[in-house]
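All residue numbers refer to positions in the sequence shown, counting from 1.
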Amino acid sequence: MRSLTLCVLTAAVLAAGSLRAWELDCYPESIRTDAQGKALDVDRPDRRTAAFFAFDRDKHALQLRCGRGGYASFQLVVSDPKGGEFKVDCASPEGVQVDLFREFYSLNSKDQRWYPDALAPMQPGATLTLPAQDNGIRGQTAQAFWVDVWVPTARRENGRFTLYVWSGHVRQPIDVDVVIEDIVYPEEDAITADHNCYGIGFVGSAHPAVVKKVQGNFGLSDPCFHLIQSYHRIFYEHRGSFHQLGYNHSGGVHPAFAPELEGDGAARRVRNWDAFDRHYGPLLDGSAFSGTRRGPHPIEGMYLPINPEWPARYFQWGSPAYEAEFVNVMAEMEQHFREKGWTRTGLELFFNHKKRYKGFGWDGDETRFPQDDAYFKQYGAWLQKALPADSPVKFRFRQDASWRMRGQADTLAGVVNHWVFAGFVSIYPELPKLVKRRGDLAWTYGGTNSVYGPVAEIAELPYRTWLMGLDGYTRWLSVDGLPRVPLKDYGADTCEVYSGEQFGIDGPIPSIRLKLERNILQDIALLKAAERKAKDETERGEEFRDRAAEIFGLRLADLWKPDSPLKRQQPWEWSNASFAGNTGAGLFDRTTPDGDLIDRVRHFAFDAYASMHVSVKGVVAFKSKAAADPMEGYKPPAPPKETLPEPPKPEQAAFLNELKRIGELCVKEVDAAECQKIVPAKVVPLLFRKDPRDPWADSDNYDVNAEAFDHVKRQLAKIAHDQANYPLDCNLWLVLTREPLLVHACIRQVYGRSLFYKWGDLHGRPEDEQRTLLETGAAAVAARSGDGPSAALTPLKVDGKVIGWIEVCARYDDFARAPLKK
């Protein structure tokens, strides 16, 4: 008997030792911890408040406050200097739903600390190890977890659940009580939180395992479209939207983003909607969001593929054929959208090109010079001609406006109806109200905060958007680089999601910053509802924004600077350095970003919403389901049908001779003296301007003679169209200076192909083949093996002197598959 008692006591002591080894702690959403479990200084842990989060470490008890139809979040930290295997489990959730995510870390070499950001969804009870083998952190003694608690709209009683951390046969619980307030987060978003990206290439590079499974063209495959829809889905589930631009700066459109066209001039029409409908159909009817807690709704907006090269070809610019192509296809698009019932999404005609990228001779994006407005007016007239006056389809003409936003609001009134203003809209306090009175949308745009800075900085853009009375904002490059973990020195000052592939997820996974942004958007929805109710009853709704601004140490008027000295100059005289100190205050100009500020605004939002007795009539109870697999419903493609053997490919020499022949045609057609007029003499010195305060001074001041540019561009594009059945670009290069010898890609074409152009470069040193041409005055050929393009360089001369050349560029495999034009 005494022996049995001794065994029991020994087991208890061992268990107690295990309990003391594994330490548990909880932190609020806005305080992150490093790989040793220490709170990160940048998040100001000394400012931790208990308004919505109260953790009793001794009792292992946590209390959260949350509204209904929304989320409350916190972080669990498990630490042990010895490490080993352990499990995190969730038991008996009552009235709430719990989502667990394991936090992944990125090394900041400046302070040698690991910062968590990527969140990998995990199943409760999964076996984990410390250190985590897949994060590669030497000396890791702590692992953090993000916990999302979802409260259904219909839930009125308080909820609770228990988190368990298991080590061997020992478990440590944390009891979580969820105090559910009589607050219902509105289903409707107060502002649009848009997340922007360019193209489709990121999908394949971030998910190579999915690409390997696809036979044929991945970019037009159902798995690719399912992945794209999963990116829309993750932003949608976090109260945001996702915008993909489907064309490049030269106007080339990826076939996944546009219907297939055929015919010329008045006969140009849509040939096939298949790829477009497979890509966009589930997004436009909302079925891509089935199974989400927000329910299925169509996307808020999307970029159309319209640009100066689509649906009309730019070589016909200025002719009736160009107008006919544009109007006819736009009319077909309106009819297709109307027949499909896709009438709830804003369809955006948006020009993204800039002169600095050499595709077109006018700025569509961030327009700097007044003469460029004429192009917008022309497209506006054609759009009006194409669309029925009573169309239910929501076409929008969008302009991302910066330098000349105030002037364009007047000159383009009735043309542009969706404005995305740069941050210095603050010098024009009348501007948002002006365009909104006309029924236009007013957004702003900006970047995303770094992983290595205060995580609370994510609040800057959403709160400032609401405080300034704007309708929404765009975060630039929201999937840029789409990082895979582990990471080192990845500041992530654009990207808000990560690739989930290495965790067995065919789609993106969220970041801590995205989660915190979602929770802030919930609070703004409450504030907007209270503000709207106050306006209805007292006509004094703006007081809510006044009081919210005070939390950040500001007056609402501080966000604006109507007396800015910038107004004494013309916008095209400004530089980026001009804005320093001459615009309205930023949200954190007078205080340091921290979670206490977010908590205080949330407290104010709860009180404001409750005090106004906001009606919840019509609030939809969301049907909660487990997150759907982004590949759900995907069927492997059928085996390829038997095909006839391909005909033999022409020789490489024939291909290069063809490029040289077309180059000679170009040189005969264009006037070298006119080419010299494209870049005005006054612009050339600006291209070499170096301003330590403004790294974009050279490119922002880049301008061209639009008449000469358009004429030469159309000539070269027409030759490419007439001479080739395959993708081929005829580009113009000019010699800028002789001492030092610098050359300049002056005109680029629709496919964006060049052997020498480096994206964004205004000028550069000539490469070998270019230098040979300049030294000898004779044509040169630059052949590349493999998949790369090849080019023929044919000199342009004035009075016997080489002033530039035509680069005719294509890929051999495209040439080999296409018959020659007669």
Side-chain angles (χ1 to χ4, degrees), residues 248 250-252 264 309 313-317 319 321 358-360 649-676 678 708-735 743-757 766-770 772-774 776-798 802-822:
N248 63 32
S250 300
D264 296 298
E309 278 283 2
R313 282 77 56 82
Y314 205 70
F315 70 80
Q316 300 194 113
W317 174 262
S319 71
K358 325 298 175 56
F360 303 98
K649 293 182 179 181
E651 294 294 330
Q652 182 87 3
F655 168 57
L656 298 178
N657 286 334
E658 183 67 7
L659 297 184
K660 288 191 288 186
R661 179 187 70 81
I662 296 173
E664 291 167 359
L665 284 176
C666 292
V667 169
K668 291 178 182 177
E669 182 71 20
V670 303
D671 182 347
E674 183 179 28
C675 293
Q676 285 185 301
I678 291 175
F709 184 103
D710 281 349
H711 185 228
V712 175
K713 178 180 173 71
R714 293 199 309 270
Q715 287 178 306
L716 295 175
K718 183 70 163 58
I719 291 171
H721 174 266
D722 291 346
Q723 297 295 320
N725 275 330
Y726 51 92
L728 177 137
D729 283 334
C730 300
N731 307 312
L732 171 65
W733 288 74
L734 294 177
V735 177
V743 296
H744 166 72
C746 184
I747 293 178
R748 299 171 60 230
Q749 298 289 3
V750 59
Y751 299 107
R753 290 186 175 168
S754 170
L755 218 59
F756 306 101
Y757 175 73
E767 297 187 28
D768 291 344
E769 294 88 352
Q770 297 170 317
T772 298
L773 178 147
L774 290 168
T776 65
V781 172
R784 298 290 187 265
S785 59
D787 294 334
S790 296
L793 312 181
T794 309
L796 282 167
K797 299 179 181 180
V798 172
V802 176
I803 58 96
W805 59 86
I806 305 298
E807 177 196 19
V808 179
C809 191
R811 291 162 55 116
Y812 174 71
D813 53 352
D814 290 332
F815 168 79
R817 288 194 296 263
L820 295 180
K821 284 198 171 184
K822 302 298 184 183

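No hydrogens or angles considered: a donor-acceptor pair under 3.5 Å links the side chains of Lys713 and Gln749. Counting only N and O atoms by type, the side chains of Glu807 and Asn731 include a donor and acceptor under 3.5 Å apart.
Side chains of Ile806 and Glu669 form no contact here, defined as non-hydrogen atoms less than 4.5 Å apart. You'll find the side chain of Ser790 reaches within 4.5 Å of the side chain of Leu656, heavy atoms only. Within the 4.5 Å cutoff, no side-chain heavy atoms of Phe315 are placed close to those of Ile719. Side-chain contact between Asp264 and His721: present, with at least one pair of heavy atoms (C-beta onward) separated by less than 4.5 Å. A heavy-atom distance below 4.5 Å is not found between the side chains of Thr794 and Val808. Using a 4.5 Å heavy-atom threshold, the side chains of Glu658 and Tyr726 count as touching. At least one side-chain heavy atom of Leu796 sits under 4.5 Å from a side-chain heavy atom of Leu732. With a 4.5 Å cut-off on side-chain heavy atoms, Phe815 and Leu728 do not count as touching.
The CZ atom of Phe655 sits 8.5 Å away from the CG atom of Asp813 when rounded to the nearest 0.5 Å.
Nearest heavy atom pair, residue Ala745 against residue Lys358, reads O-NZ, 2.9 Å. The minimum heavy-atom distance linking Gln676 with Val798 is given by the pair OE1-CG2, 3.6 Å. The two atoms that bring Glu309 and Ser250 nearest to each other are CG-O, 3.5 Å, heavy atoms only. Here the shortest heavy-atom pairing between Asp729 and Val750 reads OD1-N, 3.5 Å. Between Cys730 and Cys666, the shortest heavy-atom contact is SG-SG, 3.7 Å. Leu734 and Cys675 make their closest contact through CD1-O, 3.6 Å (heavy atoms, listed as atom of the first residue, atom of the second, distance).
The aromatic rings of Phe756 and Trp733 lie perpendicular to each other, with more than 60° between the two planes, well past the 30° mark.
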For this session: Apply salt bridge (Lys or Arg N to Asp or Glu O under 4.0 Å) to the pair Arg661 and Glu664, showing each step before the final yes or no.
Result: CA-CA 5 Å; Arg661 179 187 70 81; Glu664 291 167 359; over 6 Å; no
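Residues satisfying the side-chain contact (heavy atoms from CB on, under 4.5 Å) criterion with Pro795, sequence neighbours excluded, are Leu773, Ala779, Lys797, Val802.
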